[in-house]
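Presented below is the structure to which this report refers.
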Amino acid sequence: MHSNVLEIYTISVTNLNDTTEIIGLVGEPLFSGDDRHFMTVTTDVVLLPENRYEMTIIYLAPISTTSWDGLYLSYYTGTDGTMKRIATTQMQVYHARQLFPCFDEPGLKAVFNLKVIHKMNYTTVLGNSDIATVEPFSIPGWNKTTFNPTVPMSTYLFATIVSDLDYIEAPEGLANFPVRTYAPPPVIARGGGNYSAEIAAKLLTFFDSYFGTTYRMPKMDSVHIPHYNSAMENYGLNIYREDYLIYYPDETLETGKNLLTTIISHELAHQNFGNRVSCKWWDELWLNEGFATYVSFLGVDAVRPEFRHREFILNDAFQYSMKVDVSARSHPIVNDAVTPDQVDSYFTGITYEKGASVNRMTENFLTEPTYRRGLQYYLSNKTYQAVTGDDLFHYLNVAAQEDNRLPEGVTVKRILDSWTLQKSHPLVRVSVRDRDSVYISQERYADPDSVALWWVPVTVVTQDAPVLENWIPKIWLEADVPIKIMNHDIMKWIMVNADATGYYRVLYDDWFTGLIIKQLNSDATKISPLSRSQLLDDYFNLAFLGKVEIETALSLTEYLDQEDHFVVWEVVFTQLRQGYIFAQSQEEIDAYRVK
C-alpha cells in the first residue's frame with residue numbers, strides 16, 4: 001500500500017467470511033530509494049483470493065503548516081482582525097497517502113465513507129458527498145459530522161474541509177442539486193461568490209446536456225482557500241485560489257471574469273473527464289487534462305458566448321502548445337512517468353494544451369456530431385472505470401464507422417497514435433507542380449532525429465471556393481506517404497488547414513505566398529479570421545526558425561489596416577514583441593528586465 005509521513009500504530013485484518021482476526025505487521029518498503037512511498041503489510045496467515053478481508057489501521061497523519069498538500073492548514077483574517085483557521089486538503093497527484101494508507105493510484109477506485117470529529121465552532125465541514133448527520137460527540141464542545149457515501153472515485157479526488165466559511169447558493173432552477181460557492185464570510189458578504197455559483201450551475205447543466213450524462217454527486221461545492229495556488233477538481237468539492245473563483249461586480253476586470261469562467265469550466269469538465277472516467281495511470285494524464293482543457297472551451301462558449309472561446313482556443317491552446325512542442329520541454333502526449341517526481345513533471349503545455357488541440361483536430365475531422373456521440377459512448381460505457389487511450393479510440397471509432405468518417409481500412413487509433421506517441425508536429429508544404437496541379441507534402445517541423453510522420457487531415461480552400469461547409473479532410477497525408485498531388489489552377493490562390501483545425505504549420509512556396517498576400521491586401525475577409533491568425537503565426541515562427549525570410553512574414557502584415565479580429569491581433573502583438581526583443585541591444589534588454 002502507499003503511505004507517506006504517516007505514523008502507523010497497529011494493523012489488523014479481519015476475514016469477513018468467518019470473522020477471524022489476523023494480525024498485520026508493517027514490513028520493509030518496496031522500491032526503497034526511488035520515492036514511490038510503498039509500505040508492505042505482512043500477515044501471520046496466507047490470504048486467499050476467494051475471501052473478503054477488512055483491514056483496520058490506527059495511525060497518525062500530520063497537518064502540514066509548510067506545504068499545501070495532503071491535509072494542511074490555511075487561514076484568513078476575520079473582520080475583527082483575528083486569524084480564522086481552515087483545515088483543507090490537496091491530494092493530486094500522490095498526496096492522499098499523506099492522510100491515510102491506501103492504494104493511491106488513479107486507476108483504483110473506492111467508495112469513501114467519511115466522518116469528521118471537530119469543535120462546534122467550526123460550522124462549515126465539507127466532504128466530497130453531502131452531509132448525512134451532525135450530532136454531538138462524546139467530548140463536550142465537539143461534534144461528529146457524518147457524510148453520505150461517495151460514488152466510486154480515485155484517491156486523488158478525496159477532499160475534506162473544516163472551517164467557518166460562508167456560502168452563496170446558485171439561483172433555484174439552474175441545476176437539480178445544490179451548487180454553492182464557499183469563501184471567507186467577508187468575501188461572501190461583498191457578493192464575491194455570486195457569479196461563480198451561478199456559472200457553475202449553468203456549466204454543469206450544459207455538460208450533462210451535451211454529453212448525455214447525469215452528474216452523479218448530490219451537490220457541487222466550489223471553495224476559495226486563501227493558501228492555494230491553482231484549482232482542483234475533487235469530486236463534488238472543487239478548491240480554487242481567489243482569482244479563479246471570486247468575482248466582485250463592478251470591480252473585477254472583464255479579463256478576470258473570462259479567466260475565472262475558463263478555470264471553473266475546466267474543473268467542472270473534469271467531473272466527467274477524470275472523475276467519472278479516470279486515466280488508468282498517469283502516463284495518459286492527457287485523458288484527464290487534455291479533455292478538461294478542450295471541453296472547458298466548449299463550456300465557456302455555451303454559457304458566455306461573448307468570450308468567443310471556440311476561437312480563443314487558437315491563441316490560448318493551439319499556438320501556445322506549438323511553441324512548447326518544439327522546445328526542450330517537449331515530450332509525447334503519452335508520457336513515461338513512473339515515480340511521483342516524474343508524474344509531477346508532466347503537468348505541462350503538452351498534456352493540457354496540445355492534448356486539447358489534438359482533441360479539437362479530432363472533433364473537426366470526424367465532425368462535431370460524430371465526435372460528440374463517440375464521447376457519449378465512452379462516458380456511458382466507462383463510468384466509474386479507469387481507461388487507456390485505446391478505450392477512447394475504440395468508442396470514437398465506433399461513431400466514425402457509423403457515419404463513415406474515415407478512409408477505408410483506417411481507424412481512429414491508427415491516426416491518433418501518430419499524434420499521441422511522438423513529440424513535435426508536421427510542417428505541411430504547398431508548392432507548384434505544374435500549371436494545373438500542386439504538391440502537398442509533410443515533413444517534421446522539428447526533432448530531426450526522428451523520421452516518423454503523422455496521419456495529417458488536410459482541408460482545402462481556394463480563391464474560387466474560399467468558404468468551407470465543414471472540416472472533413474479533402475485529402476489525408478498518410479504517415480508512410482508524405483506527399484500527394486492535387487489538381488488546382490495555380491493562377492489562383494490555395495490554402496490548406498482552414499481555420500487551423502489540424503495541429504500543424506503550413507508553408508507555401510513563393511508563388512502561392514505572393515497570391516495569398518495579394519488577396520489579403522485586396523480583401524482580407526475572403527480568408528477566415530482563424531486562417532489569417534494561423535498564417536501569421538506560422539510565418540513568423542518559420543522566419544525565426546530560418547525557413548523563410550522575416551521580410552516575407554512582415555509582408556503578411558501589410559493588410560492590417562483592415563483587421564478587426566482579436567485572434568489575429570493577439571498573434572501580431574505576440575510575434576512583433578518577439579521581433580522587438582530580437583532587435584534590442586543587450587543594454588536595452590537588461591534595462592527592460594530591471595524595470
- prompt: Do the side-chain N and O atoms of Thr513 and Tyr539 include a donor-acceptor pair separated by under 3.5 angstrom?
  reply: yes
task: Would you check if Tyr378 and Val277 make a side-chain contact, meaning some heavy-atom pair closer than 4.5 Å?
output: yes
message: When you compare the side chains of His331 and Asp336, does any donor N or O come within less than 3.5 Å of an acceptor on the partner?
response: no
- prompt: So, Gln271 side chain and Glu267 main chain: donor-acceptor pair closer than 3.5 Å or not?
  reply: yes
Any donor-acceptor N/O pair, Trp511 side chain to Ile490 backbone, under 3.5 Å: yes
message: To the closest 0.5 Å, what do you measure between CG (Leu260) and OH (Tyr244)?
response: 10.5 Å
- prompt: With distance as the sole criterion, is a donor-acceptor pair present between the side chains of Asp69 and Tyr94 under 3.5 Å?
  reply: no
- request: For atom CD of Glu443, decide whether the heavy atoms of other residues, nucleotides or ligands shown that lie under 6.0 angstrom number more than 12.
  value: yes
message: Do Asp537 and Arg505 have side chains that approach each other closer than 4.5 Å (heavy atoms only, starting at C-beta)?
response: yes
task: Using the salt bridge (Lys or Arg N to Asp or Glu O under 4.0 Å) rule, take Lys423 and Asp325 through it: C-alpha gap first, then chi angles, then the decisive distance, then the call.
output: CA-CA 7 Å; Lys423 63 182 180 180; Asp325 205 15; over 6 Å; no
message: If I take atom CG from residue Asn541 and atom CG from residue Leu507, how far apart are they, to the nearest 0.5 angstrom?
response: 12.0 Å
task: Taking atom types as modelled, find out whether Tyr371 and Gln376 have a side-chain donor-acceptor pair closer than 3.5 angstrom.
output: no
query: Does the side chain of Glu311 come under 3.5 Å of the side chain of His565 through a donor N or O and an acceptor N or O?
result: yes
task: Taking the six-membered ring for Trp and the single ring otherwise, decide whether the centroids of Trp419 and Tyr504 are under 6.0 Å apart.
output: no
field: Nearest-0.5 Å distance, CG of residue Leu204 to OG1 of residue Thr214
entry: 12.0 Å
- request: Verify, without hydrogens or angle tests, whether Glu284 (side chain) and Lys280 (backbone) share a donor-acceptor contact under 3.5 angstrom.
  value: no
query: If we ignore angles and hydrogens, is there a donor and acceptor under 3.5 Å between the side chains of Asp499 and Thr501?
result: no
- request: Quick one: sort the Phe206 and Tyr210 rings into parallel, tilted or perpendicular, breaks at 30° and 60°.
  value: tilted
message: Can you confirm whether Asn521 is buried at CG, in the sense that more than 12 heavy atoms of other residues, nucleotides or ligands lie under 6.0 Å from that atom?
response: yes
- request: Kindly determine whether Thr557 and Leu560 satisfy side-chain contact (heavy atoms from CB on, under 4.5 Å), including the steps that lead there.
  value: CA-CA 6 Å; Thr557 68; Leu560 286 176; 3.6 Å; yes
- prompt: Cut-off 3.5 Å, side chains only: do Lys484 and Ser441 have a donor facing an acceptor?
  reply: no
- prompt: How many angstroms lie between CG in Asn381 and OH in Tyr395, if you round to the nearest 0.5 Å?
  reply: 4.0 Å
query: In terms of side-chain heavy atoms, does Asp104 have a donor or acceptor partner in Thr155 at a distance below 3.5 Å?
result: yes
message: For a 4.5 angstrom cut-off between non-hydrogen side-chain atoms, does Phe38 reach His2?
response: yes
message: What I want to check is whether the side chains of Asn258 and Thr255 have a donor and an acceptor closer together than 3.5 Å.
response: no
field: Arg329 side chain vs Val324 backbone, donor-acceptor pair below 3.5 Å
entry: no
- prompt: Do the rings of Phe273 and Phe211 sit parallel, tilted or perpendicular, given the 30° and 60° boundaries?
  reply: perpendicular
- prompt: Do Tyr240 and Ile264 come close enough that some side-chain heavy atom pair is under 4.5 Å?
  reply: yes
message: Any non-hydrogen side-chain atom of Phe540 less than 4.5 Å from a side-chain atom of Leu554?
response: yes
query: Side chains of Gln562 and Arg532: is there a donor and an acceptor less than 3.5 Å apart?
result: no
field: Evaluation steps, side-chain contact (heavy atoms from CB on, under 4.5 Å), between Met495 and Leu535
entry: CA-CA 10 Å; Met495 292 184 70; Leu535 181 69; 4.3 Å; yes
message: Quick one: does any side-chain atom of Asn359 pair with a main-chain N or O of Gly290 as donor and acceptor, under 3.5 Å?
response: yes
Salt bridge (Lys or Arg N to Asp or Glu O under 4.0 Å) between Arg308 and Asp301, worked out: CA-CA 6 Å; Arg308 295 158 70 174; Asp301 192 68; over 6 Å; no
query: Counting N and O atoms only, with roles assigned by atom type, does the side chain of Trp471 sit under 3.5 Å from a partner on the main chain of Pro457, one being a donor and the other an acceptor?
result: no
- request: Using a cut-off of 6.0 Å, state whether more than 12 heavy atoms not belonging to Phe566 lie near its atom CZ.
  value: yes
- request: Let me see the working for Gln519 and Ile516 under side-chain contact (heavy atoms from CB on, under 4.5 Å), right down to the final yes or no.
  value: CA-CA 5 Å; Gln519 178 63 69; Ile516 292 168; 5.7 Å; no
- prompt: Side chains of Glu363 and Tyr294: is there a donor and an acceptor less than 3.5 Å apart?
  reply: yes
Note, Thr459 side chain near Phe365 side chain (heavy atom, < 4.5 Å): no
- prompt: Between Ile415, Ile472, Leu406, which is the residue that forms a side-chain contact (heavy atoms from CB on, under 4.5 Å) with Leu366?
  reply: Leu406
message: Can you confirm whether Asp403 sits close enough to Arg373 that some side-chain heavy atom of one is under 4.5 Å from a side-chain heavy atom of the other?
response: yes
- request: Could you walk me through whether Asp391 and Lys382 pass the salt bridge (Lys or Arg N to Asp or Glu O under 4.0 Å) test, one step at a time?
  value: CA-CA 9 Å; Asp391 295 308; Lys382 290 297 179 178; 3.8 Å; yes
field: Parallel, tilted or perpendicular, as decided by the 30° and 60° cut-offs, for the rings of Tyr352 and Phe347
entry: tilted
task: Indicate yes or no for a side-chain donor-acceptor contact from Thr552 to the backbone of Val548 under 3.5 Å, with no hydrogens or angles considered.
output: no
task: Step by step, work out the side-chain contact (heavy atoms from CB on, under 4.5 Å) result for Glu402 and Tyr377.
output: CA-CA 12 Å; Glu402 289 174 350; Tyr377 293 160; 3.0 Å; yes
field: Side-chain donor-acceptor contact under 3.5 Å, Asp208 with Thr213
entry: yes
message: Quiz question: by atom type and distance under 3.5 Å, do the side chains of Tyr346 and Gln342 form a donor-acceptor pair?
response: no
message: Among Val432, Leu515, Val496, exactly one meets side-chain contact (heavy atoms from CB on, under 4.5 Å) together with Tyr508. Which residue is that?
response: Val496
Exam field: side chain Ser357 to backbone Glu353, donor-acceptor pair closer than 3.5 Å: yes
- request: Classify the side-chain pair Thr370/Arg405 by whether it contains a donor and acceptor separated by less than 3.5 Å.
  value: yes
field: Side-chain donor/acceptor of Ser531 to backbone N/O of Ile527, under 3.5 Å
entry: no
query: Would you say the side chains of Gln534 and Gln319 form a donor-acceptor pair under 3.5 Å?
result: yes
- prompt: Between Ser330 and Ser327, is any side-chain donor less than 3.5 angstrom from a side-chain acceptor?
  reply: no
query: Side chains of Tyr503 and Ser321: donor-acceptor distance under 3.5 Å anywhere?
result: yes
query: Within the side chain of Asp489, is there an N or O that forms a donor-acceptor pair under 3.5 Å with the backbone of Asp436?
result: no
- request: Could you check if a side-chain atom of Tyr156 sits within less than 4.5 angstrom of a side-chain atom of Trp282, using non-hydrogen atoms only?
  value: yes
- request: State, without any angle test, whether Tyr228 and Gln90 hold a side-chain donor-acceptor pair at a distance under 3.5 Å.
  value: yes
task: Considering only NZ, NE, NH1 and NH2 on the basic side and carboxylate oxygens on the acidic side, decide whether Lys492 and Asp464 come within less than 4.0 Å.
output: yes
